[in-house]
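For reference, positions follow the sequence shown, starting with 1.
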Amino acid sequence: MKKIDLTYESEFSFSEDTEPLIIRGQALHAGEIPSKKLIIPEEELDRLVESLKRGEDGRGAYLLTDHQKSVEKVLGRVTDAWREGNTVWFEASVYDPQMARKIQNRLVTLVSTGLEVERQVCSICGQDYLSGGCKHVLGRVYDGKTASIVARGLRGREISLVLFPADKQATLEFQLSRVAETLEKEKLVMLNAEEFKRQKSEEVNKEKEARESDMVNVLELTEE
(Lines give C-alpha, C1' and ligand atoms only; values in the text may rest on other atoms or scores of the structure.)
Protein backbone atom coordinates (compact mmCIF):
# COMPACT_ATOMS: atom_id res chain seq x y z
CA MET A 1 0.00 0.00 0.00
CA LYS A 2 1.53 3.30 -1.13
CA LYS A 3 1.90 6.07 1.44
CA ILE A 4 2.15 9.70 0.40
CA ASP A 5 3.84 12.52 2.30
CA LEU A 6 2.41 16.03 2.32
CA THR A 7 3.05 19.31 4.06
CA TYR A 8 0.73 22.07 5.22
CA GLU A 9 2.11 25.60 5.69
CA SER A 10 0.53 28.12 8.05
CA GLU A 11 1.46 31.15 10.13
CA PHE A 12 1.85 30.80 13.89
CA SER A 13 1.74 32.99 16.96
CA PHE A 14 3.84 32.84 20.13
CA SER A 15 3.60 33.75 23.79
CA GLU A 16 5.82 36.57 25.02
CA ASP A 17 8.21 36.14 27.97
CA THR A 18 7.90 32.36 28.26
CA GLU A 19 10.72 29.89 28.67
CA PRO A 20 10.75 27.78 26.65
CA LEU A 21 9.05 29.86 23.98
CA ILE A 22 5.54 28.57 23.23
CA ILE A 23 4.23 28.76 19.66
CA ARG A 24 0.72 27.99 18.47
CA GLY A 25 -0.84 27.49 15.04
CA GLN A 26 -3.03 25.44 12.73
CA ALA A 27 -1.94 21.96 11.71
CA LEU A 28 -4.65 21.20 9.12
CA HIS A 29 -8.19 21.93 7.96
CA ALA A 30 -10.73 19.28 7.01
CA GLY A 31 -12.60 19.49 3.73
CA GLU A 32 -11.76 19.66 0.06
CA ILE A 33 -8.34 21.04 -0.83
CA PRO A 34 -8.50 23.94 -3.37
CA SER A 35 -6.85 21.79 -6.06
CA LYS A 36 -10.01 19.60 -5.78
CA LYS A 37 -7.90 16.49 -5.91
CA LEU A 38 -7.76 15.66 -2.20
CA ILE A 39 -10.39 15.50 0.51
CA ILE A 40 -9.58 15.51 4.23
CA PRO A 41 -12.53 13.92 6.07
CA GLU A 42 -13.38 15.41 9.46
CA GLU A 43 -13.24 11.96 11.04
CA GLU A 44 -9.49 11.85 10.23
CA LEU A 45 -8.76 14.91 12.38
CA ASP A 46 -8.92 13.04 15.68
CA ARG A 47 -6.24 10.66 14.41
CA LEU A 48 -4.10 13.64 13.44
CA VAL A 49 -4.53 15.17 16.91
CA GLU A 50 -3.46 11.94 18.61
CA SER A 51 -0.44 11.43 16.34
CA LEU A 52 0.81 14.98 17.02
CA LYS A 53 0.32 14.59 20.76
CA ARG A 54 1.96 11.17 20.79
CA GLY A 55 4.84 11.61 18.34
CA GLU A 56 7.30 8.80 17.65
CA ASP A 57 8.04 8.02 21.29
CA GLY A 58 4.86 9.01 23.12
CA ARG A 59 6.24 12.42 24.17
CA GLY A 60 4.88 14.58 21.38
CA ALA A 61 5.83 15.11 17.74
CA TYR A 62 9.18 16.80 17.15
CA LEU A 63 9.51 20.46 16.27
CA LEU A 64 12.18 20.64 13.55
CA THR A 65 13.86 23.04 11.16
CA ASP A 66 12.90 22.74 7.47
CA HIS A 67 11.70 19.11 7.83
CA GLN A 68 15.31 17.98 8.38
CA LYS A 69 15.11 14.83 10.48
CA SER A 70 18.38 15.00 12.37
CA VAL A 71 19.31 15.52 16.02
CA GLU A 72 20.89 18.91 15.25
CA LYS A 73 17.63 20.21 13.79
CA VAL A 74 15.41 19.35 16.76
CA LEU A 75 14.09 22.57 18.32
CA GLY A 76 11.48 21.21 20.69
CA ARG A 77 8.27 19.22 20.94
CA VAL A 78 4.58 19.49 20.25
CA THR A 79 3.15 19.88 23.75
CA ASP A 80 -0.53 19.83 22.85
CA ALA A 81 -2.91 19.38 19.92
CA TRP A 82 -6.66 19.77 19.78
CA ARG A 83 -9.55 20.03 17.39
CA GLU A 84 -11.86 23.01 16.94
CA GLY A 85 -14.56 22.16 14.42
CA ASN A 86 -12.86 21.29 11.14
CA THR A 87 -9.42 22.57 12.21
CA VAL A 88 -6.60 20.93 14.16
CA TRP A 89 -4.50 23.31 16.27
CA PHE A 90 -1.16 22.64 17.92
CA GLU A 91 1.06 24.11 20.61
CA ALA A 92 4.81 23.49 20.72
CA SER A 93 7.80 24.45 22.85
CA VAL A 94 10.93 25.99 21.33
CA TYR A 95 14.00 25.21 23.46
CA ASP A 96 16.62 26.63 21.12
CA PRO A 97 17.36 30.21 22.38
CA GLN A 98 18.69 31.47 19.06
CA MET A 99 15.60 30.29 17.19
CA ALA A 100 13.39 31.71 19.94
CA ARG A 101 14.96 35.16 19.40
CA LYS A 102 14.41 34.89 15.64
CA ILE A 103 10.76 34.12 16.26
CA GLN A 104 10.38 36.99 18.71
CA ASN A 105 11.97 39.35 16.19
CA ARG A 106 9.51 38.12 13.50
CA LEU A 107 12.29 36.67 11.35
CA VAL A 108 10.51 33.30 11.34
CA THR A 109 6.74 33.33 10.99
CA LEU A 110 5.76 30.05 9.31
CA VAL A 111 5.44 26.44 10.34
CA SER A 112 4.93 23.45 8.07
CA THR A 113 3.20 20.33 9.34
CA GLY A 114 4.57 17.10 7.87
CA LEU A 115 1.72 14.69 7.11
CA GLU A 116 1.48 11.09 6.00
CA VAL A 117 -1.52 9.51 4.26
CA GLU A 118 -1.66 5.72 4.44
CA ARG A 119 -4.56 5.04 2.08
CA GLN A 120 -5.86 6.91 -0.94
CA VAL A 121 -9.54 6.14 -1.53
CA CYS A 122 -11.39 7.13 -4.71
CA SER A 123 -14.17 9.62 -3.99
CA ILE A 124 -16.30 8.14 -6.80
CA CYS A 125 -16.29 4.41 -6.10
CA GLY A 126 -14.86 4.24 -2.57
CA GLN A 127 -12.17 1.74 -3.54
CA ASP A 128 -8.41 2.04 -3.07
CA TYR A 129 -7.23 4.32 -5.86
CA LEU A 130 -4.27 2.21 -6.98
CA SER A 131 -4.87 -1.32 -5.75
CA GLY A 132 -8.59 -1.69 -5.11
CA GLY A 133 -9.89 -2.15 -8.63
CA CYS A 134 -10.80 1.54 -9.09
CA LYS A 135 -11.17 2.52 -12.76
CA HIS A 136 -11.44 6.28 -12.25
CA VAL A 137 -8.70 8.80 -13.08
CA LEU A 138 -7.86 11.60 -10.68
CA GLY A 139 -9.22 14.99 -11.75
CA ARG A 140 -11.64 13.65 -14.34
CA VAL A 141 -15.39 14.28 -14.07
CA TYR A 142 -17.80 11.35 -13.82
CA ASP A 143 -21.54 12.11 -13.83
CA GLY A 144 -20.84 15.64 -12.65
CA LYS A 145 -18.42 14.58 -9.87
CA THR A 146 -14.64 15.10 -9.98
CA ALA A 147 -12.56 12.09 -8.99
CA SER A 148 -10.54 13.02 -5.91
CA ILE A 149 -8.45 11.25 -3.30
CA VAL A 150 -10.05 10.79 0.11
CA ALA A 151 -7.19 10.71 2.63
CA ARG A 152 -7.40 7.84 5.08
CA GLY A 153 -4.98 6.97 7.86
CA LEU A 154 -3.84 10.58 8.27
CA ARG A 155 -0.85 11.04 10.57
CA GLY A 156 1.19 14.03 11.71
CA ARG A 157 4.88 13.15 11.39
CA GLU A 158 6.42 16.42 12.67
CA ILE A 159 6.10 20.19 12.60
CA SER A 160 8.87 22.37 11.19
CA LEU A 161 9.79 26.03 11.32
CA VAL A 162 10.35 27.21 7.75
CA LEU A 163 11.44 30.35 5.93
CA PHE A 164 10.82 29.20 2.39
CA PRO A 165 9.27 25.92 1.30
CA ALA A 166 11.60 23.52 -0.50
CA ASP A 167 9.87 24.57 -3.73
CA LYS A 168 9.16 28.23 -4.47
CA GLN A 169 5.46 27.41 -4.89
CA ALA A 170 5.27 24.70 -2.24
CA THR A 171 1.95 25.67 -0.77
CA LEU A 172 -0.30 22.83 0.30
CA GLU A 173 -2.25 23.04 -2.96
CA PHE A 174 0.90 22.88 -5.09
CA GLN A 175 2.41 19.94 -3.22
CA LEU A 176 -0.87 18.06 -3.31
CA SER A 177 -1.18 18.65 -7.04
CA ARG A 178 2.32 17.19 -7.50
CA VAL A 179 1.30 14.13 -5.50
CA ALA A 180 -1.92 13.92 -7.50
CA GLU A 181 0.02 14.10 -10.76
CA THR A 182 2.25 11.22 -9.67
CA LEU A 183 -0.73 9.11 -8.62
CA GLU A 184 -2.52 9.91 -11.87
CA LYS A 185 0.48 8.76 -13.93
CA GLU A 186 0.67 5.52 -11.94
CA LYS A 187 -3.05 4.98 -12.41
CA LEU A 188 -2.88 5.54 -16.17
CA VAL A 189 0.01 3.09 -16.44
CA MET A 190 -2.02 0.55 -14.49
CA LEU A 191 -5.16 1.09 -16.57
CA ASN A 192 -3.18 0.91 -19.81
CA ALA A 193 -1.64 -2.36 -18.64
CA GLU A 194 -5.10 -3.74 -17.87
CA GLU A 195 -6.39 -2.61 -21.27
CA PHE A 196 -3.41 -4.29 -22.96
CA LYS A 197 -4.14 -7.53 -21.10
CA ARG A 198 -7.81 -7.31 -22.08
CA GLN A 199 -6.98 -6.75 -25.74
CA LYS A 200 -4.43 -9.58 -25.65
CA SER A 201 -7.01 -11.87 -24.07
CA GLU A 202 -9.53 -10.95 -26.77
CA GLU A 203 -6.95 -11.73 -29.48
CA VAL A 204 -6.18 -15.10 -27.89
CA ASN A 205 -9.90 -15.91 -27.67
CA LYS A 206 -10.42 -14.94 -31.31
CA GLU A 207 -7.50 -17.13 -32.37
CA LYS A 208 -8.93 -20.00 -30.32
CA GLU A 209 -12.38 -19.53 -31.86
CA ALA A 210 -10.81 -19.47 -35.34
CA ARG A 211 -8.92 -22.72 -34.65
CA GLU A 212 -12.08 -24.36 -33.31
CA SER A 213 -13.97 -23.19 -36.40
CA ASP A 214 -11.28 -24.67 -38.66
CA MET A 215 -11.48 -27.96 -36.76
CA VAL A 216 -15.25 -28.06 -37.25
CA ASN A 217 -14.82 -27.44 -40.96
CA VAL A 218 -12.23 -30.22 -41.20
CA LEU A 219 -14.51 -32.61 -39.34
CA GLU A 220 -17.42 -31.76 -41.65
CA LEU A 221 -15.25 -32.37 -44.71
CA THR A 222 -14.03 -35.67 -43.22
CA GLU A 223 -17.57 -36.85 -42.56
CA GLU A 224 -18.51 -36.24 -46.19
Side-chain angles (χ1 to χ4, degrees), residues 1-9 27-48 50-51 56 67 69 86 88 112-158 165-219:
M1 190 168 291
K2 183 182 179 63
K3 295 182 179 180
I4 56 175
D5 293 318
L6 313 169
T7 60
Y8 179 86
E9 281 79 36
L28 189 66
H29 295 282
E32 189 173 3
I33 301 303
S35 61
K36 297 184 179 179
K37 291 186 178 181
L38 188 97
I39 297 171
I40 306 294
E42 284 197 29
E43 58 266 27
E44 289 292 328
L45 297 185
D46 292 331
R47 180 194 295 266
L48 176 60
E50 290 305 312
S51 63
E56 298 294 332
H67 300 293
K69 300 172 181 62
N86 68 342
V88 170
S112 177
T113 305
L115 305 167
E116 181 181 88
V117 177
E118 291 182 355
R119 302 186 306 282
Q120 303 92 49
V121 178
C122 174
S123 62
I124 304 295
C125 64
Q127 299 184 83
D128 186 274
Y129 183 69
L130 289 177
S131 61
C134 169
K135 303 297 183 182
H136 302 102
V137 177
L138 200 60
R140 292 188 182 177
V141 179
Y142 300 87
D143 295 327
K145 296 182 180 179
T146 303
S148 303
I149 292 295
V150 181
R152 296 293 182 186
L154 190 65
R155 176 173 173 263
R157 294 175 61 91
E158 43 80 20
D167 192 293
K168 291 180 180 179
Q169 303 180 70
T171 61
L172 177 64
E173 179 177 347
F174 181 82
Q175 290 206 1
L176 288 181
S177 65
R178 287 195 305 176
V179 171
E181 183 180 348
T182 300
L183 288 175
E184 186 172 356
K185 287 180 180 178
E186 292 182 14
K187 186 58 173 286
L188 289 174
V189 169
M190 182 185 70
L191 291 178
N192 289 337
E194 289 181 359
E195 178 63 19
F196 175 79
K197 289 180 181 178
R198 185 188 64 79
Q199 292 177 0
K200 197 68 177 176
S201 178
E202 288 181 354
E203 291 174 4
V204 170
N205 289 335
K206 287 180 180 179
E207 290 177 0
K208 183 179 179 182
E209 290 173 359
R211 287 196 302 269
E212 290 175 348
S213 177
D214 290 341
M215 289 178 65
V216 170
N217 292 334
V218 169
L219 288 172

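- Here the shortest heavy-atom pairing between S112 and E9 reads OG-OE2, 2.8 Å.
- Listed here is the closest heavy atom pair of A30 and E42: CB-CG, 3.6 Å.
- Proximity of V179 to D5: side-chain heavy atoms (C-beta onward) are nowhere separated by under 4.5 Å.
- Atoms OG1 and CZ, on T113 and R157 in that order, are 13.0 Å from each other to the nearest 0.5 Å.
- Nearest heavy-atom pair across H136 and A147 is CB-CB, 4.3 Å.
- Closest approach of G156 and S51 over heavy atoms only: N-OG, 2.8 Å.
- Distance CD/E186 to OH/Y129: 9.5 Å, rounded to 0.5 Å.
- Each of V150, N86, V121 was checked for a side chain to side chain contact (heavy atoms under 4.5 Å, CB included) with P41, and the lone residue meeting it is V150.
- Listed for the S123 side chain is a donor-acceptor partner under 3.5 Å among the backbone atoms of S148.
- Nearest heavy-atom pair, Y8 versus L28, reported as atom, atom and distance to 0.1 Å: CD1-CD1, 3.6 Å.
- The structure places OG1 of T146 at 9.5 Å from CG of L138, a figure rounded to the nearest 0.5 Å.
- Here R152 pairs with E44 in a salt bridge; the nearest charged N to carboxylate O distance falls below 4.0 Å.
- Surrounding NZ of K145 are at most 12 heavy atoms belonging to other residues, nucleotides or ligands under 6.0 Å away.
- I40 is not listed as a side-chain neighbour of H29, based on a closest heavy-atom distance of 4.5 Å or more.
- Note: L6 CG to L154 CG = 8.0 Å, rounded to the nearest 0.5 Å.
- Separating the SG atom in C125 from the OH atom in Y142 is a distance of 9.5 Å, to the nearest 0.5 Å.
- Atom CG in L115 sits 13.5 Å away from atom NZ in K3 (nearest 0.5 Å).
- Heavy-atom minimum distance, K37 versus A180: CD-CB, 3.5 Å.
- K187 has no carboxylate O lying under 4.0 Å from a charged side-chain N of E194, or vice versa, which leaves the two without a salt bridge.
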